[in-house]
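In what follows, chains carry the letters A, B, and so on, assigned in the order in which the sequence lines appear, proteins first and then strands, with residues in each chain numbered from 1.
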Protein chains: 2
Amino acid sequence: MNTVIPIVSHTLRAACSACSLQELCLPAGLAPDELQKLDEIVNRKRPLKRGEYLYRAGSALQSLFAVRTGFFKSCVMHDDGREQVAGFHMAGEMLGMDGIGSGNHMCDAVSLEDSEVCEIPFGDLEKLSREIPTLQQHFHRIMSREIARDYGVMLLLGSMRAEERLAAFLLNLSQRFAARGYSPSRFLLRMTRHEIGSYLGLKLETISRALSHFQTEGIIAVQNKNVEIKDADRLRAMVSQCAGHPPQ
Amino acid sequence: MNTVIPIVSHTLRAACSACSLQELCLPAGLAPDELQKLDEIVNRKRPLKRGEYLYRAGSALQSLFAVRTGFFKSCVMHDDGREQVAGFHMAGEMLGMDGIGSGNHMCDAVSLEDSEVCEIPFGDLEKLSREIPTLQQHFHRIMSREIARDYGVMLLLGSMRAEERLAAFLLNLSQRFAARGYSPSRFLLRMTRHEIGSYLGLKLETISRALSHFQTEGIIAVQNKNVEIKDADRLRAMVSQCAGHPPQ
DNA sequence: TGCCGGCATTGATCTATGTCAAAACCGCAG
DNA sequence: CTGCGGTTTTGACATAGATCAATGCCGGCA
């Protein structure tokens, strides 16, 4: 109840209460005193270099993670080594929720650029969310949104053709960058064509061809990892109004 | 706090405390007194006939539902009318968790045979799970398992070929029937070939052909909706050890 | 009992996307 | 600045699965 401000390492780098991602991340909607309680359980971890694993499939789940800066992919591995990218995660998004059920992470989380994360010990989070209804509700919303996102990916993988998938993907990135205050029309693809392909259930050559095609159509401009969306409406049209283009 | 036992309709049909699905469903792990508190918030709803909607995409989420008897599909709709089956749900499984984030259901839930469900008002569930840590933990596990399942479906849709997908699907059903005390090797496909195809990202003809092929190989016997798995090991082999059969 | 409409099977053919291969490019390390 | 490995692009070709079409089956209803 008293407002001691702990002078420990994790407050040296921006605490939740000082974090610009507050509104997107777990703290959304918390009152100042609640925020402080959350701050007390969250640890800032050392930065990860590009290519480092945040966790690996099979390892015990102790904590969830929120991306503070940088970019991650999570990927599920098949027995035979085939890998499927299940998601890309940017600042303010949470990772690890797939592992709560079994107590073990079910996928690898890999940073695609130098990144920082906040670690949220899951037991503490459950305890705190019993005390703070707003936190509880928000955590439930976050998990639910992950499920909703997954349903969207199923729709994409199950019933859209290559170019529609890519259009949906670009629009999704655009929107997420916009929500973070970045340009919705110019951004960097942090992942390789291979990783995009894996996420979209396509081969890298198909991604490359589709990007080239969008470019010749004047819908986007691509150079390497740089993308500029020149005609978002046409992208949107590709995704939704595909009557006449029968799904494969 | 007092233990009034409400003599209302929902206690007339088996309460959670008397339900055979206790161990699979939300009550798993609760102490008797906790179970009773849960009972007090759960409503048994009138039975649904085959083809009835439990809820529709876009409608406000008030409650989650647990399947008591019967079988459901949930399907996401595309603007242009294409539909994608996102999951099949059998006794003891929960529906509706995709709608918590936005407050609205994001998919339709349709019964595939005459069914009964328990309704769990979501606000009450959140409140009660603040009081009963076991319930809270179990609810988190249930949501997490849904996410994990979704990742599995992505793997399936993104990197498996038609017959592998179907093999994985049959094994999954088999296992879920087994967990409910039914035969893992003989069961009824409650859904049409079209719905299986939608779930697996394939056309109904492909499902039909694959089933026929499995049959001629002696892996299964199918007659209409009746399936008998004759060689589960070969099904398993199809799913995991597919080196040499490059993914499409 | 017989009829009807949805469901399923099967065959012939088409096509989107995968596969293979070669060349160009890019950024990093020396 | 140069060389090298990994990435990307592009082309030619192959194929899994879609599409189209015809027939058969089954279960519900009169």
Could you tell me how far apart [X] ([atom1]) and [N] ([atom2]) are, to the nearest whole angstrom?
X      : N      : atom1 : atom2 : result
B/R165 : D/dA16 : CZ    : P     : 14 Å
A/R161 : C/dG18 : CZ    : P     : 12 Å
B/N226 : D/dC26 : CG    : P     : 11 Å
A/L166 : D/dT9  : CG    : P     : 11 Å
B/H194 : C/dT9  : NE2   : P     : 15 Å
A/E163 : C/dT17 : CD    : P     : 8 Å
A/L200 : C/dA16 : CG    : P     : 18 Å
B/E113 : D/dG27 : CD    : P     : 16 Å

Extract all donor-acceptor atom pairs below 3.5 Å that involve side chains of residues 215-222 of chain B and protein atoms in other chains or at least two apart in sequence.
unit_1: B/Q215; atom_1: OE1; unit_2: B/V222; atom_2: N; d: 2.8
unit_1: B/T216; atom_1: OG1; unit_2: B/H213; atom_2: O; d: 2.9
unit_1: B/E217; atom_1: OE1; unit_2: B/R234; atom_2: NH2; d: 3.0

### Of residues 205-216 of chain A, the positions that come close to DNA chain C - non-hydrogen atoms, cut-off under 4.0 Å
A/E205, A/T206, A/R209
### Message
Counting only heavy atoms from other residues, nucleotides and ligands, does the tally under 6.0 Å from NZ of A/K49 exceed 12?
### Response
no
#### Entry: Over 12 non-hydrogen atoms of neighbours within 6.0 angstrom of OH in A/Y182
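At most 12 heavy atoms, drawn from other residues, nucleotides or ligands, come within 6.0 Å of this atom.
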### Contact under 4.0 Å: B/R193 side-chain N or O vs C/dC7 OP1/OP2
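No, because none of the side-chain N or O atoms of B/R193 sits under 4.0 Å from OP1 or OP2 of C/dC7.
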### Query
Distance check: side-chain N/O of B/K225 vs OP1/OP2 of C/dA8, anything under 4.0 Å?
yes
### Task
Return the minimal non-hydrogen interatomic distance between A/M77 and B/L155, and the atom names on each side.
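Heavy atoms of A/M77 and B/L155 come nearest at O-CD2, 4.5 Å.
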### Query
Between A/L204 and B/T192, which has a closest nucleotide on DNA chain C that is more 5'?
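Looking at DNA chain C, the more 5' nearest nucleotide goes with B/T192.
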#### Entry: Proximity to the side chain of A/K203 - top-ranked nucleotide from D/dA18, D/dG17, C/dG18
C/dG18
### Task
With the side chain of A/N224 defined as its heavy atoms from C-beta on, choose the nearest nucleotide among C/dA8, C/dA16, C/dC26.
C/dC26
#### Entry: N/O donor-acceptor pair under 3.5 Å between B/Q84 side chain and B/S198 backbone
yes
### Task
Evaluate the side-chain contact (heavy atoms from CB on, under 4.5 Å) criterion for residues B/I196 and B/L166: first the C-alpha distance (whole Å), next the side-chain angles of each, then the deciding distance (0.1 Å), finally the verdict.
CA-CA 9 Å; B/I196 299 174; B/L166 187 61; 4.2 Å; yes
Under 3.5 Å, sequence neighbours excluded: what are the donor-acceptor pairs made by side chains of residues 169-176 of chain B?
unit_1: B/N172; atom_1: OD1; unit_2: B/R176; atom_2: NH1; d: 2.8
unit_1: B/S174; atom_1: OG; unit_2: B/P184; atom_2: O; d: 2.7
unit_1: B/R176; atom_1: NE; unit_2: B/E93; atom_2: OE2; d: 3.0
unit_1: B/R176; atom_1: NH2; unit_2: B/F88; atom_2: O; d: 2.6
unit_1: B/R176; atom_1: NH2; unit_2: B/E93; atom_2: OE1; d: 2.9
unit_1: B/R176; atom_1: NH2; unit_2: B/E93; atom_2: OE2; d: 3.4

